[in-house]
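Since the structure comes first, as structure tokens, the remarks are kept for the end.
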Amino acid sequence: MSARGAAAMGDRLAARVIPCLDVESGRVVKGVNFVGLRDAGDPVELARRYELAGADELVLLDITASSDSRGIILDVVERCAAELSIPFTIGGGVRSVDDARMLLGAGADKVSVNTAAVSDPELLDRIAAAVGSQSVVVAVDARRRDPEDPAAGWEVFTHGGRTPTGLDVVEWCAEAVRRGAGEVLLTSMDRDGTREGFDLELLRAVTAAVDVPVIASGGAGDAGHMADAVADGGASAVLAASILHFGDVTVDEVKDVMDARGIPVRRDVGAA
Amino acid sequence: MTRRLRAAVLDYDAGNVRSAKRGVEAAGVDAVITSDPVVAADADALVIPGVGHFGTCSRRLRERGLEAVVRSFIAEERPVLGICVGMQLLYAGSDESDEPGLGLLPGRVVRFPSDAVVPHMGWDVVDVARPDPLLDGIDGRRLYFAHSYYAVPDAIDHVLARCQYGGERFPCVVREGSVVGTQFHPEKSGAVGARVLANWVTMLRSEVQA
């Protein structure tokens, strides 16, 4: 259902603005340009800053290549859980029910599964059965089969966007949801890093096909793009990294623009 | 100087117990995460977190001997706080499962209509239906929800606040004597959620010391 449809039913659920932190060996990678950070590489301090700045939720993506780093990311998750009072998702390298349990047990609210779910779709059934769908996000990296023609569809890529799978994005999203994913984190590889705006055709195709919330990712260049993803793409949430990290736009400014376009947002972040 | 109160956060593989512990500690009580009925029975108050499946939560609570502790708290009018599925468990049952709930509150738990985006996930507005000190500073504020089922009460006197989603209005704060439930996650709802927990702790102090 589109945001407009929801509003017509009298719903007021806020569109979520979600900063994404890429974490490698326990440190934030990609530049972060916040004034006054004691340690620009500490994901926990940055997460806390984003909470205070009005972020509705956070995604931490562990991009550590080696598999012997579980202890490091678990420590980050535990410290985030101790510091944050907003929800956060942890993704990257979730390959088993045990991985999911461990990360949720350390204090994450959701786990995001990408490559391992494509290799073994039943993994989603098993994780959802163990922890509940509301804690399972399927992350999907999508690339247009023909850059000029959305009618040609989108292909699922895995392994951080390096490996084509042949799978159709819309079909895979629908299957992942059927198997128990409670949310879709949908990244347009074509737009990622371009700042040209989200792939709205991709968003519309996926939000029409699934009935769970879809988080739009890849291509945010300004606040208007994020409002477009919700109002025109049907997204429930927008994810952004560099434009927020570099201070090109603040969470508040994104919400100002959404608010001006009639999209419900959470403004009252302070104490009552 | 009064002694510090202690809450037992029930650990039955059904929720983010760390966040619940952090939340009630920040509100000014000591908290212990436990799956031991003896430890739980000794606390001043119980916190029942709960995410996931109603039937799984209900079964695990019973299998670990914790349901009996919750029932004794209810019978003795000692404070209990149920969060999310922890609140839903206070009702008789859910369409999600044949497992029974605790049956303290009249009503059933049902799924959102199929034309809504489900789970209901994110920050939504809480409307106070019945003024209560528990809700001081909360009316019209946004708190964090993550659920696919909601309660349909058979009576309204226990409903302190409602939310609306998928065209449905449903209870999001309930209270029956010393037992309180919230459909949202106060421990994940920033400063506004912290206010709910602080209000609960104030209630706790007056009840425990009364």
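Treat the numbers as computed from the prediction; the structure is a model and nothing was measured. In what follows, chains carry the letters A, B, and so on, assigned in the order in which the sequence lines appear, proteins first and then strands, with residues in each chain numbered from 1.
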Task: Winner by heavy-atom pair count (cut-off under 4.5 Å) against chain B, out of A237(A), A82(A), A130(A) - done: A82(A)

TODO: Give the member of P119(B), A194(B), G23(B) that has the highest number of heavy-atom pairs under 4.5 Å with chain A.
DONE: P119(B)

Open item on the list: If we define contacts as heavy-atom pairs under 4.5 Å, which of V177(A), L104(A), D109(A), V131(A) has the most with chain B?
Closed with: D109(A)

Open item on the list: Whether the side chain of R18(B) engages the backbone of G105(A) through a donor-acceptor N/O pair (distance < 3.5 Å, no angle test) should be reported.
Closed with: yes

Open item on the list: Can you tell me if I156(B) has over 12 outside heavy atoms packed within less than 6.0 Å of its CD1?
Closed with: no

Task: Gap separating the CZ atom of R141(B) from the CZ atom of R266(A), nearest 0.5 angstrom - done: 10.0 Å

Task: Lys/Arg-Asp/Glu bridge criterion (N-O < 4.0 Å) met for R22(B), E83(A) - done: no

- [ ] Please flag which part of V214(A) lies under 4.5 Å from any non-hydrogen atom of chain B: side chain, backbone, both or neither.
- [x] neither

Task: Heavy-atom proximity to chain B below 4.5 Å, by part of L84(A) - done: backbone

Open item on the list: Are I86(A) and W123(B) packed together at the side-chain level, in the sense that at least one heavy-atom pair is separated by less than 4.5 angstrom?
Closed with: yes

Open item on the list: Could you check whether atom CG of D98(B) has more than 12 heavy atoms from other residues, nucleotides or ligands sitting under 6.0 Å from it?
Closed with: no

Task: chain A contact via H147(B) - side chain, backbone, both or neither, heavy atoms under 4.5 Å - done: neither

TODO: Output the option from A129(A), P213(A), A81(A) having the highest count of non-hydrogen pairs under 4.5 Å with chain B.
DONE: P213(A)

Task: Nearest heavy-atom neighbours spanning S236(A) and V117(B) - done: OG-CG1, 4.3 Å

- [ ] Taking the side chain as every heavy atom from C-beta outward, state whether K110(A) and M121(B) have any atom pair closer than 4.5 Å.
- [x] yes

Task: Under 4.5 Å from any heavy atom of chain B - which part of E51(A) - done: side chain

Task: Carboxylate-amine/guanidinium contact R12(A) D127(B), below 4.0 Å - done: yes

- [ ] Would you mind telling me which of G132(A), G107(A), A108(A) has the largest number of heavy-atom pairs within less than 4.5 Å of chain B?
- [x] G107(A)

Open item on the list: Taking side chain as everything from C-beta outward and backbone as N, CA, C, O, which of these in R142(B) sits under 4.5 Å from a heavy atom of chain A? Side chain, backbone, both or neither.
Closed with: both

TODO: Check the pair D211(A), S114(B) against side chain to side chain contact (heavy atoms under 4.5 Å, CB included), reporting the backbone distance first and the verdict last.
DONE: CA-CA 8 Å; D211(A) 56 5; S114(B) 58; 6.0 Å; no

TODO: Below 4.5 Å from any heavy atom of chain A, which atoms of S19(B) appear? Answer side chain, backbone, both or neither.
DONE: side chain

